[in-house]
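See below for the structure under consideration.
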Amino acid sequence: MEVSTAMWTAAVVGAAVIYWFVWVMGAAEVKGKRAVNLKMGSITRDKVQDKYKQYWSFFRRPKEDIAAASDGDKVPAFVDTFYNLVTDIYEWGWGQSFHFSPSLPGRSHREATRLHEERAADLIAAHPGQRVLDVGCGVGGPMRAIAAHSGAHVVGITINEYQVARARAHNRKAGLHDRCEVVCGNFLEMPFADASFDGAYSIEATCHAPRLEDVYREVFRVLKPGALYVSYEWVTTALYREDDARHVETIRGIEAGDALPGLRAQHEVAAVARRVGFEVVEELDLALLPAGPWWTRLKMGRIAYWRNHLLVSALTALRVAPKGVVEVHEMLYETARHLCDGGETGIFTPMHMILCRKPLVTPN
């Protein structure tokens with residue numbers, strides 16, 4: 001009898017553990033991804049590992065080689081591959097808003113994220129009746145927050161077809177599909193008419209552009225005269241030293257693990273905006289005090305890491321998740337370490353805010 005009881009107890013505990021790992025472990029948000037549903041975007045299961053190796057070999061090259069490749073279509077293509085590889089893992093472990101936010105006393109990460117997004121809407125004075133552009137919308141977390149907060153109609157653009165499908169599904173579930181529109185396209189060549197938007201924002205997205213000037217010029221083109229544009233930029237700060245090996249390792253780790261052709265320096269952003277015709281209204285690093293550390297969410301303990309690692313390994317072994325998911329998860333964990341180093345040393349910020357206005361009259 002005791003043996004039978006022990007066996008039943010072990011079976012119940014085992015079932016509970018499996019249930020917790022597979023079903024409870026998963027969505028960072030109520031409507032996010034679960035571990036058992038991990039895909040690699042539009043990449044077929046048999047191609048995931050090959051695509052990961054191609055991506056990693058490209059972004060581990062010297063920066064000069066990546067810059068040379070930026071003259072063609074290689075960088076946008078690899079950015080698309082990157083988001084095929086990471087979108088479901090981001091939703092599983094992070095939520096529907098693929099960006100950072102300052103930590104706020106007494107507020108959850110989810111609340112801090114929402115307030116960070118609403119701040120962008122307030123900076124461009126978005127309101128009902130306006131048509132606002134989300135430049136690099138991902139799966140639409142910020143889009144939905146901004147549409148709900150401002151009442152504006154938000155149009156998002158992302159290069160990744162899988163993200164378009166995910167964003168549209170989330171928009172329908174949130175009941176915001178009438179105010180949130182998603183378009184698949186390259187923000188370096190947007191399929192929108194000149195002067196067709198009342199405002200625009202980008203939240204940690206333009207860092208994927210090989211040349212910041214190219215995306216700012218496109219945003220300038222589609223904005224109406226007098227319209228505002230705010231961007232939260234990933235940049236190196238004045239504390240970064242190119243002759244410091246640790247600094248270089250940190251920044252290269254961030255670039256390689258996040259599909260970045262090369263981080264810009266903080267002081268370069270305003271000059272780029274002015275060069276394409278914008279008036280710079282305000283600049284501020286939103287990571288500076290009194291803001292709390294933005295990297296606290298990345299401070300994943302070793303136990304949590306191994307828990308997640310075991311889960312994706314088990315799902316891969318069971319062929320629930322495609323081969324290559326483990327490697328992508330490890331890449332993102334390593335990138336998180338570099339991001340934490342960048343935040344703690346102060347050499348990197350993902351939220352350098354620049355607010356620009358398109359002049360009412362533009363010179364010929």
Side-chain angles (χ1 to χ4, degrees), residues 41-42 70 73-84 86-87 90-91 96-99 117 120-121 123-124 126 130-150 152-172 174 176-224 227-234 258-261 272-273 276 278 354 356 358:
S42 58
S70 299
D73 296 327
K74 285 189 177 180
V75 170
F78 276 109
V79 170
D80 184 33
T81 295
F82 174 76
Y83 280 110
N84 274 324
V86 305
T87 290
Y90 277 2
E91 280 203 63
Q96 297 171 20
S97 295
F98 299 173
H99 63 80
E117 294 163 351
L123 283 165
I124 62 172
Q130 285 192 327
R131 187 170 182 251
V132 172
L133 176 63
D134 182 330
V135 184
C137 65
V139 298
M143 170 193 297
R144 288 181 288 280
I146 286 171
H149 175 68
S150 68
H153 181 90
V154 183
V155 179
I157 184 169
T158 172
I159 199 169
N160 186 263
E161 289 184 3
Y162 183 70
Q163 288 190 337
V164 171
R166 291 294 299 163
R168 287 174 178 168
H170 287 310
N171 292 344
R172 285 192 298 272
L176 290 167
H177 53 284
D178 57 335
R179 274 191 278 160
C180 295
E181 180 184 345
V182 191
V183 174
C184 189
N186 187 343
F187 58 36
L188 300 176
E189 298 175 312
M190 292 192 280
F192 306 123
D194 294 357
S196 55
F197 287 94
D198 301 291
Y201 64 89
S202 50
I203 299 180
E204 303 181 27
T206 58
C207 50
H208 293 298
R211 288 173 295 273
L212 188 61
E213 187 169 346
D214 293 343
V215 63
Y216 276 17
R217 184 177 289 109
E218 270 293 272
V219 175
F220 186 89
R221 178 184 67 79
V222 302
L223 284 178
K224 296 176 182 178
L228 292 166
Y229 166 55
V230 66
S231 186
Y232 296 169
E233 295 287 347
W234 281 32
D258 282 297
L260 308 181
V272 171
V276 304
F278 278 120
I354 181 166
C356 307
K358 182 174 181 176

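The model shown is predicted, which means the values in this text are computed figures rather than measured ones.
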| field | Spacing of CD1 belonging to Ile159 relative to SG belonging to Cys184, to within rounding of 0.5 Å | value | 7.5 Å
| note | Rounding to 0.5 Å, atoms CD1 (Ile354) and OG1 (Thr206) come to a distance of 10.0 Å
Show me the donor-acceptor pairs, under 3.5 Å and distance only, between side chains in residues 195-202 and residues at least two apart or in other chains.
from, atom 1, to, atom 2, distance (Å)
Ser196, OG, Ala193, O, 2.6
Asp198, OD1, Lys224, NZ, 2.9
Asp198, OD2, Arg131, N, 2.8
Tyr201, OH, Asp134, OD2, 2.7
Ser202, OG, Tyr229, OH, 2.7
Ser202, OG, Ser231, OG, 2.7

| note | Contacts satisfying salt bridge (Lys or Arg N to Asp or Glu O under 4.0 Å) that involve residues 177-189 (not counting sequence neighbours) are none
| message | How long is the straight-line distance from CG of Asn186 back to CG of Asn160, given to the nearest 0.5 Å? | response | 12.0 Å
| field | Check against side chain to side chain contact (heavy atoms under 4.5 Å, CB included), Tyr83 and His208 | value | CA-CA 11 Å; Tyr83 280 110; His208 293 298; 2.7 Å; yes
| field | Trp234 to Cys207 - nearest heavy-atom pair and separation | value | CB-CB, 3.9 Å
| task | Test Thr158 against every option in Val135, Val183, Val164, Val79 by the side-chain contact (heavy atoms from CB on, under 4.5 Å) rule and name the one that passes. | result | Val164
| request: List for me each residue that meets ring-ring contact (aromatic ring centres under 6.0 Å, His included) alongside His149, sequence neighbours excluded, and say none if there are none. | output: none
| task | Look at the side chain of Arg221 and the backbone N and O of Phe192, then say whether any donor-acceptor pair between them is shorter than 3.5 Å. | result | yes
Side-chain donor-acceptor pairs under 3.5 Å in residues 137-145, sequence neighbours left out?
from, atom 1, to, atom 2, distance (Å)
Arg144, NH1, Val139, O, 3.0
Arg144, NH1, Gly140, O, 3.2
Arg144, NH1, Asn171, OD1, 2.8
Arg144, NH2, Gln96, OE1, 3.0
Arg144, NH2, Val139, O, 2.9
Arg144, NH2, Gly140, O, 3.4

| request: Of all the heavy-atom pairs spanning Tyr216 and Ala273, show the shortest one and how long it is. | output: CD2-CA, 3.7 Å
| field | Separation between CZ of Phe187 and CG of Leu133, rounded to the nearest 0.5 Å | value | 11.0 Å
| task | Might you point out which heavy atoms bring Val230 and Ala120 nearest each other, and give the distance in Å? | result | CG1-O, 3.8 Å
| note | Residue set satisfying side-chain contact (heavy atoms from CB on, under 4.5 Å) with Glu213, at least two apart, ordered chain then number -> Arg217, Val272, Arg275, Val276
| field | Spatial distance of atom CD (Glu204) from atom OH (Tyr232) [nearest 0.5 Å] | value | 9.5 Å
| Any donor-acceptor pair under 3.5 Å linking the side chain of Glu218 with the backbone of Met190? | yes
| field | Polar side-chain atom of Asp258 near backbone of Leu260 as donor-acceptor pair, under 3.5 Å | value | no
| request: Using the side chain to side chain contact (heavy atoms under 4.5 Å, CB included) rule, take Thr87 and Phe98 through it: C-alpha gap first, then chi angles, then the decisive distance, then the call. | output: CA-CA 9 Å; Thr87 290; Phe98 299 173; 4.2 Å; yes
| Partner set under side-chain contact (heavy atoms from CB on, under 4.5 Å) for Ala167, not counting sequence neighbours | Val182
| request: Test Glu161 against Ser42 for side chain to side chain donor-acceptor pair (under 3.5 Å), laying out the working first. | output: CA-CA 8 Å; Glu161 289 184 3; Ser42 58; 5.7 Å; no
| message | To the nearest 0.5 Å, what is the distance between NZ on Lys358 and CG on Leu228? | response | 12.5 Å
| Distance-minimising heavy-atom pair for Ala126 and Ser150 | O-CB, 3.5 Å
